[in-house]
Amino acid sequence: MTVPAEDAASITNVLTVDVEDYFHVSVFDGILPRAEWSRMESRVCRNTERLLGLFAEYGVVGTFFVLGWVAERFRELVKRIAAGGHEIASHGYAHRLIYDQTPAAFREDVRRAKALLEEATGRPVLGYRAPSYSITPRSLWALDILLEEGYRYDSSIYPIHHDRYGIPLSERHPYLIERSVGTLVEVPGSTASVGPLKLPIGGGGYFRILPYCWTRWGIARVNRREKLPAVFYLHPWEIDPDQPRLRAGGLGTFRHYRHLDKTESRLRRLLASFRFGPMETLVTRARQQAWDVDSARVRLPYCW
Ligand SMILES: [Zn+2]
């Protein structure tokens, strides 16, 4: 299935990168203590530079959710991303799953990351994405803390079933979450709607492990049928087939290493086929009621 040229050209999708190293990934939490991180060979700078070069080649800017741990060690990298015209947002500091933290520890984590990123760029950091989309029904309290710490949008709730994340009944497109401490814009991971099914088409493992035509079909479907943008995400380590191998469980190893050698060529096809821009543009539209306000102010199907 192909998307008509006028549809592909008229809708600007959202391009996002979660800037972390290969050893930060949650699947390795159980086998690599955080104290070991600084002894690992770091490849995040060179991989991110490659992505920056690729995006420049296609004239695309996006949003980079940078891990505070990375920003603390590689401040120049953050500055170079920002100098390329990209938006800098936060991926937290220590890549801990939110539902494994106390609210106090989470507050400290997002505060520390925000301060590091703002110090590097001199600009306010308004967006946040949780490690492994870990805002779920048991960690919704995190949304209040994000507001209190000065974040204005979140991109951590995936409206699907997954063993590590997801709120299956939540909205598929950006919506406002109103709390007593303020209003947060939530930008969910993208899905294609087929009958009762919500199929994840937002990038990452879905982009790498499944055939390329899955993502192309899904984004085209959202653009064409719903006239709305899709949100795509990627990690720098996903274009690095030569990264050192770490041993996780069978499924984790499969998910992490599958098709690392195919990601770059697929990404080139994607960038040539669709328009992309940063998340802040979409968030501004959501706040300015690009779609009708009543449907945008949907409540989450849970209380906290
Ligand atoms: Zn991550």
Side-chain angles (χ1 to χ4, degrees), residues 14-34 36-38 40 42-45 47-48 51 62-74 77-78 81 86-101 105-106 109-110 112-114 116-117 125 127-136 139 142 146 151 153-158 160 162-166 186-190 200 202-209 231-240 243-244 246 248 251-258 260 263 267 279:
V14 177
L15 179 65
T16 69
V17 180
D18 294 355
V19 181
E20 63 195 30
D21 231 319
Y22 60 98
F23 52 82
H24 293 133
V25 179
S26 302
V27 73
F28 303 126
D29 273 356
I31 62 166
L32 186 70
R34 280 172 173 69
E36 298 291 316
W37 282 0
S38 54
M40 301 295 290
S42 178
R43 299 169 73 91
V44 68
C45 290
N47 290 333
T48 305
L51 284 178
T63 295
F64 286 65
F65 292 90
V66 184
L67 196 64
W69 191 94
V70 171
E72 194 170 56
R73 284 154 184 81
F74 307 112
L77 179 66
V78 181
I81 298 168
H86 304 283
E87 178 191 10
I88 298 291
S90 166
H91 197 35
Y93 179 82
H95 212 271
R96 292 184 195 280
L97 298 174
I98 297 187
Y99 45 73
D100 286 347
Q101 298 181 71
F106 174 72
D109 182 277
V110 296
R112 188 174 179 187
K114 193 171 193 289
L116 284 162
L117 295 168
V125 165
Y128 174 77
R129 176 176 286 152
S132 302
Y133 289 103
S134 56
I135 296 188
T136 70
S139 51
L146 288 173
Y151 291 94
Y153 74 86
D154 173 66
S155 183
S156 308
I157 298 178
Y158 221 122
I160 60 167
H162 186 278
D163 58 351
R164 202 178 299 127
Y165 57 80
E186 177 61 39
V187 184
S190 278
Y206 308 113
F207 181 61
R208 234 177 344 102
I209 297 167
V231 177
F232 181 79
Y233 75 96
L234 196 74
H235 306 87
W237 54 263
E238 290 188 279
I239 58 162
D240 182 9
Q243 65 191 265
L246 297 167
L251 180 60
T253 300
F254 174 81
R255 279 182 183 158
H256 187 89
Y257 295 113
R258 183 73 171 165
L260 292 174
T263 313
L267 185 59
M279 191 169 278

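Order of appearance sets the numbers: ligands from 1, and atoms from 1 within every ligand.
- At least one donor-acceptor pair closer than 3.5 Å links the side chain of Thr263 to the backbone N or O of Glu238.
- Contact check on Arg43 versus Asp21 returns no salt bridge, with no Lys/Arg side-chain nitrogen under 4.0 Å from an Asp/Glu carboxylate oxygen.
- Inclusion of His95 in the first shell of the Zn ion (ligand 1) is supported: an N, O or S atom falls under 2.8 Å.
- Of the candidates Phe207, Phe65, Tyr133, Tyr233 forms a ring pair (Phe, Tyr, Trp, His ring centres under 6.0 Å) with just one, namely Tyr133.
- Within the 2.8 Å limit, His235 places no N, O or S atom next to the Zn ion (ligand 1).
- A ring-centre distance under 6.0 Å is found for His256 and Trp237.
- For residue Glu20, an N/O/S atom approaches the Zn ion (ligand 1) to within less than 2.8 Å.
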